[in-house]
Enquirer: 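For reference, the structure I am asking about is given below.
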Amino acid sequence: MLPDKLMLMGIKTVLEAKVKEAVLSIFNAELPAVEFQPTRKDFEGDITVVVFPMLRVVKGNPAQIGEQIGAFLEEHVEEVSAFNVVKGFLNIVLNDSFYVDFFNGIKDEANFGSVEEVAADAVMVEYSSPNTNKPLHLGHIRNNLLGYSVAEILKASGKKVYKTQIINDRGIHICKSMLAWQKMGNGETPESTGLKGDKLVGNYYVAFDKAYKAEIAKMLSDGVDEKVATKEAPILLEAQQMLIKWEAGDDEIVSLWKKMNGWVYDGFEITYKNLGVDFDQLYYESDTYLLGKDVVADGLKKGVFFKKDDGSVWIDLTEDGLDEKIVLRSDGTAVYMTQDIGTAIQRVKDYSDIKGMVYTVGNEQDYHFKVLFLILKKLGFSWAEQLHHLSYGMVDLPSGKMKSREGTVVDADDLMVEMTNTAKKISEELGKLGEYSENEKQDLYKMVGLGALKYYILKVDPKKRILFDPEESVDFQGNTGPFIQYTYARIQSILRKAKDTGVDFNAMAEVSDNLHPKEKELIKQLQLFPDMIQLAATNFSPALIANYVYDLVKEFNSFYQQVSILGETNESKKALRVQLSKKVSEVVESGFKLLGIEVPERM
RNA sequence: GGUGGCAUAGCUCAGCUGGAUAGAGCACCUGCCUUCUAAGCAGGCGGUCCUAGGUUCGAAUCCUAGUGCCAUCACCA
């Protein structure tokens, strides 16, 4: 007998071998492979063998072939209790003992579905990576949730993971905020205004833009050409001067830069904490923006890059179907690409066990990463084969695109507060939280509100664009986070009562219990969890986990509706149902943990 | 214009390596709370899977062409 954990894998292997054996003995033909699929709900059976592909080696009527193979399996495979053939599909019915054994095998397994860490196989996941001139918005939320969740999924799939971000803390955009604050700030601070630091700095970024636009308008009315005006508005020139001073290490500018960035970091920290994401290592662009130049020099020697007459350095990717791309300016300064090359190499130096990296960045940068990865491969780094751009679609509003300058962005902090308030409103209307303290209630509202937000975003395939409808995102019914949390809370309620009434949580399920169809369906669904984690990891897709958990919960609710759990008079059956409910809630909890969503004891 | 992505019910989305009558939720209509939490369950309505070809026993899924939307094609980041 196989170890219980291997039952699922085992049954396929056993069936495959037996089907081949059947074909050999009945038709005297060698079958290269057997195709299985889960049996559709409308038919009786648990697993289905597709007969059509066999027609290549076996001549005959698919239905008849199915019948003959089915009869052979029923006779020779212990787990097969019955079969039926519809068209070319051989539906196999497995007996209860198969399911009972499987369930007994996993019911006490603590981290069911996850795989032990294989330390030699580390991957670095980069996400968030904001600019320090304005607060985080809905787009960053998608980025953070995706990156965090993929990191958790990779961990569960057996990888060692380092979570990181590169903070874009330098450049002209920060100088704009700094300059506006210098000119109009009157010494304001987060303390003096009561504003979150990132919000305060963001306000000055907006103030800069306003002043800049006003200057352009004035220049235009003075008869200046529009192109000239946008390039030569005094305040813009001043910001550019500031950047030059910063790069030269000017004391005054650098200390202002440190002060204002400090405010922003304090603000970001609050947002990250509320969002429930974290990082193992931070990289700052101010530390890395000079990296990569020596690599370019090196690559130039190797002939990977070439120099143009003006001194700029390029790579020719036309043979790979791409264009020429600049990697170093003619004045010898770095471009974005230079920096990314340098940073990637630096990371592998910092963490020698890294075998791959994941970059969570919006799909508008698809081309950039395609080029970056290609360059790193051409430079000959072995780890360059394992780079992945976790590219995701933009988040749009029903009104169209979010644009910070037009004030149509959805602020991350505001959104979280709004979702929490909605959860509070709904919860109060339902009024089920009598025994909760005020603090416990607040925690729950936040848990539910954020659960709704996170699930709403993560259930969508990352590469697809999201239409964020505030109305719909606030819906807590149907395929939503709160619906799943609710099911979890209901199970917890049953488990509390089960404990009080002395249900045996350790009893082994018995074949003689005669599994209810709904129980069987639940066990089938549970069986899929480990595979689902692996699939989500290879596809970098939290959406697969979200949809899996939803299906599991749907199945449970149906079970809950049809059969009585605590009302069951047969003690052994009752124990099975309680334990099954417990296992479902554990899988919901682990699945949601992979999405960064918490589950409540009651709601 | 070149390149890449996306296109499935009124709306928002699933659909794994090609498989049976394409599935959920929302919305709309019916039922079900003196029994484990109705944020639930059961049922109904609703589809030219963008279009046209092709490959295959079989295509929403793979290939080709076209249409639409989005992104990208800077000595910006």
Side-chain angles (χ1 to χ4, degrees), chain A residues 35 37-43 48 50-53 55-56 62 86-89 91 131 168 170-173 285 289 308 310-314 321-323 325-331 333-337 339-340 362-368 370 391 393-394 396 398 401 423 426-427 429-430 432 448 452 456 459-461 463-469 471-473 475-487 489-498 528 531-532 535 539 543-544 546-547 550-551 554 557-568 577-578 581 602-603:
Chain A
E35 193 174 327
Q37 60 180 273
T39 303
R40 287 183 65 109
K41 287 239 168 85
D42 335 319
F43 302 96
T48 295
V50 189
V51 180
F52 297 108
L55 298 177
R56 295 203 181 93
V86 182
K87 295 182 190 170
F89 298 91
N91 301 320
N131 291 336
N168 300 304
R170 62 166 287 277
I172 189 73
H173 49 286
E285 202 186 280
Y289 81 107
K308 287 197 176 175
D310 61 7
S312 57
V313 180
W314 297 71
L322 304 174
D323 295 327
K325 190 82 186 176
I326 188 161
V327 292
L328 203 63
R329 291 196 188 99
S330 53
D331 63 6
T333 56
V335 291
Y336 188 36
M337 192 62 77
Q339 203 185 129
D340 272 2
N363 64 8
E364 75 257 349
Q365 294 198 36
D366 284 356
Y367 186 73
H368 173 79
K370 205 183 248 185
S391 164
M394 295 292 102
D396 290 332
K401 251 187 113 156
I426 293 175
S427 190
E429 278 167 13
L430 294 169
K432 294 180 186 174
V448 174
Y456 183 84
K459 76 174 175 185
V460 182
D461 184 340
K463 67 176 182 249
K464 289 195 178 171
R465 198 175 70 96
I466 286 187
L467 185 71
F468 188 85
D469 186 340
E471 298 282 318
E472 196 197 326
S473 68
D475 206 329
F476 286 8
Q477 277 159 10
N479 190 358
T480 66
F483 162 73
I484 293 166
Q485 289 172 319
Y486 174 72
T487 304
R490 269 209 311 207
I491 296 175
Q492 296 317 302
S493 171
I494 291 172
L495 297 182
R496 282 190 295 269
K497 284 181 185 158
L528 299 175
D531 291 345
M532 203 50 76
L535 195 63
N539 288 315
L544 292 175
N547 287 306
Y550 175 67
D551 288 340
K554 277 295 272 182
N557 280 332
S558 179
F559 161 75
Y560 175 90
Q561 170 70 26
Q562 268 194 40
V563 301
S564 182
I565 298 166
L566 297 174
E568 172 57 49
R577 286 177 187 171
V578 168
S581 304
R602 42 191 114 216
M603 70 184 273

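All of these numbers come straight from a predicted model, not from anything done at the bench. Numbers restart at 1 for each chain; the letters A, B, ... are given by sequence-line order, proteins then strands.
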Enquirer: Just to be sure I understand the rule, does A:Leu566 reach a base, reach only the sugar-phosphate, or reach nothing, if contact means heavy atoms closer than 4.0 Å?
Expert: base
Enquirer: Sticking with atom C1', work out how far B:rC50 lies from B:rU8, rounded to a whole angstrom.
Expert: 10 Å
Enquirer: Does the side chain of A:Lys87 get closer than 4.0 angstrom to OP1 or OP2 of B:rG58 through an N or O atom?
Expert: no
Enquirer: Check salt bridge (charged side-chain N to carboxylate O under 4.0 Å, His left out) between A:Arg602 and all other residues, then give those that pass, not counting sequence neighbours.
Expert: A:Glu435
Enquirer: Please report whether the ring centroid of A:Phe476 lies less than 6.0 Å from that of A:Tyr486.
Expert: no
Enquirer: With heavy atoms under 4.0 Å as the rule, sort A:Gln339 into base, sugar-phosphate or nothing.
Expert: nothing
Enquirer: Using the P atom in both, what is the distance from B:rA9 to B:rU55, to the nearest Å?
Expert: 28 Å
Enquirer: Tell me the interatomic distance from A:Arg40, atom CZ, to B:rG19, atom C1', rounded to whole angstroms.
Expert: 9 Å
Enquirer: If a pair means Watson-Crick or G-U wobble with both distances below 3.5 Å, what does RNA chain B look like in dot-bracket form, with | marking bases paired to a different strand?
Expert: (((((((..((((.....[...)))).(((((.......))))).....(((((..]....))))))))))))....
Enquirer: Closer to the 5' end of RNA chain B via nearest nucleotide, is it A:Tyr336 or A:Asp461?
Expert: A:Asp461
Enquirer: Taking atom types as they are modelled, would you say the side chain of A:Asn91 forms a donor-acceptor pair with the base of B:rA20 within the 3.5 Å cutoff?
Expert: yes
Enquirer: Checking understanding here: a glycosidic angle within 90° of 0 is syn, the rest anti, so what is B:rC33?
Expert: syn
Enquirer: Considering only the P atoms, how many Å lie between B:rC76 and B:rG10, rounded to the nearest integer?
Expert: 48 Å
Enquirer: Let me know the distance between NZ of A:Lys459 and P of B:rC26, rounded to the nearest Å.
Expert: 10 Å
Enquirer: Please report the closest heavy-atom contact between A:Val448 and A:Gln485, naming both atoms and the distance.
Expert: CA-OE1, 3.5 Å
Enquirer: State the CD-OG1 distance between A:Gln339 and A:Thr333, to the nearest 0.5 angstrom.
Expert: 11.5 Å
Enquirer: Please identify each residue that fulfils side chain to side chain contact (heavy atoms under 4.5 Å, CB included) with A:Ile494, with sequence neighbours left out.
Expert: A:Tyr560, A:Ile565, A:Leu566
Enquirer: Separation of A:Gln37 atom CD from B:rG18 atom P, in whole Å?
Expert: 12 Å
Enquirer: For A:Arg465 and A:Asn363, does a side-chain donor sit closer than 3.5 Å to a side-chain acceptor?
Expert: no
Enquirer: In whole angstrom, what separates A:Asn479's CG from B:rA24's P?
Expert: 12 Å
Enquirer: Go through it in stages, so that I can follow the logic: the residues are A:Asp331 and A:Arg329, the test is salt bridge (charged side-chain N to carboxylate O under 4.0 Å, His left out), and I'd like the CA-CA distance, side-chain angles, deciding distance and then a yes or no.
Expert: CA-CA 5 Å; A:Asp331 63 6; A:Arg329 291 196 188 99; 5.0 Å; no
Enquirer: NA contact type, A:Leu322, heavy-atom cut-off 4.0 Å: base, sugar-phosphate, or nothing?
Expert: nothing
Enquirer: With sequence neighbours left out, what residues match A:Lys463 under salt bridge (charged side-chain N to carboxylate O under 4.0 Å, His left out)?
Expert: A:Asp461
Enquirer: Could you tell me whether the side chains of A:Asn557 and A:Thr487 share a donor-acceptor contact shorter than 3.5 Å?
Expert: yes
Enquirer: With the criterion set at under 5.5 Å between ring centres and under 30 degrees between planes, would B:rA20 be stacked on A:Phe43?
Expert: yes
Enquirer: Polar-atom pairs under 3.5 Å, protein N or O versus N or O of nucleotides 39-43 of chain B: list them with distances, or write none.
Expert:
unit_1	atom_1	unit_2	atom_2	d
B:rA39	OP1	A:Lys432	NZ	2.0
B:rA39	OP1	A:Tyr486	OH	3.4
B:rG40	OP1	A:Gly478	N	3.1
B:rG40	O3'	A:Asn557	ND2	3.4
B:rG40	O2'	A:Arg490	NH2	3.0
B:rA42	OP1	A:Ser558	OG	3.3

Enquirer: Across the strands shown, which category fits A:Ser391 at heavy-atom distances under 4.0 angstrom: base, sugar-phosphate, nothing?
Expert: nothing
Enquirer: RNA chain B: A:Ala489 or A:His368, which has the more 5' nearest nucleotide?
Expert: A:Ala489
Enquirer: Please report the shortest heavy-atom distance between A:Ser564 and A:Arg577, naming the atom on each side.
Expert: O-NH1, 3.0 Å
Enquirer: Mind calculating the distance between CD1 (A:Ile466) and C1' (B:rA14) to the nearest angstrom?
Expert: 14 Å
Enquirer: If you only use heavy atoms from C-beta on, which nucleotide in B:rC57, B:rC73, B:rA24 is closest to the side chain of A:Arg56?
Expert: B:rC57
Enquirer: Nearest to the side chain of A:Pro53, heavy atoms from C-beta on, is which of B:rG19, B:rG25, B:rA77?
Expert: B:rG19
Enquirer: Take atom NZ of A:Lys41 and atom C1' of B:rG23, then tell me their distance rounded to the nearest Å.
Expert: 10 Å
Enquirer: Between B:rU48 and B:rU35, how far is it from one P atom to the other, in whole Å?
Expert: 44 Å
Enquirer: Between A:Ser473 and A:Ala452, what is the shortest heavy-atom contact and its length?
Expert: O-CB, 4.3 Å
Enquirer: Taking 4.0 Å as the cut-off, does a side-chain nitrogen or oxygen of A:Arg329 come that near to OP1 or OP2 on B:rA77?
Expert: yes
Enquirer: How many whole angstroms separate atom CG of A:Asp551 from atom P of B:rA24?
Expert: 10 Å
Enquirer: Suppose you measure atom C1' in B:rG53 against the same atom in B:rU67; what distance do you get, rounded to whole Å?
Expert: 15 Å
Enquirer: In whole angstroms, how far is the C1' atom of B:rG15 from the CG atom of A:Leu535?
Expert: 13 Å
Enquirer: What I want to check is whether the side chains of A:His368 and A:Asp340 have a donor and an acceptor closer together than 3.5 Å.
Expert: yes
Enquirer: About how many Å separate CG of A:Asn131 and CD of A:Glu285, when rounded to the nearest 0.5 Å?
Expert: 8.0 Å
Enquirer: With rounding to the closest Å, how many angstrom separate the P atoms on B:rU21 and B:rU37?
Expert: 42 Å
Enquirer: Could you run down the sub-3.5 Å N/O contacts of the protein with nucleotides 4-11 of chain B?
Expert:
unit_1	atom_1	unit_2	atom_2	d
B:rA7	OP1	A:Lys464	NZ	3.1

Enquirer: Taking the C1' atom in each of B:rC70 and B:rA27, what is the distance between them to the nearest angstrom?
Expert: 28 Å
Enquirer: Base, sugar-phosphate, or nothing for A:Val327, non-hydrogen atoms under 4.0 angstrom?
Expert: nothing
Enquirer: Taking the same atom, C1', in B:rC49 and in B:rG31, what whole-Å distance lies between them?
Expert: 32 Å
Enquirer: Could you check if a side-chain atom of A:Val327 sits within less than 4.5 angstrom of a side-chain atom of A:Trp314, using non-hydrogen atoms only?
Expert: no
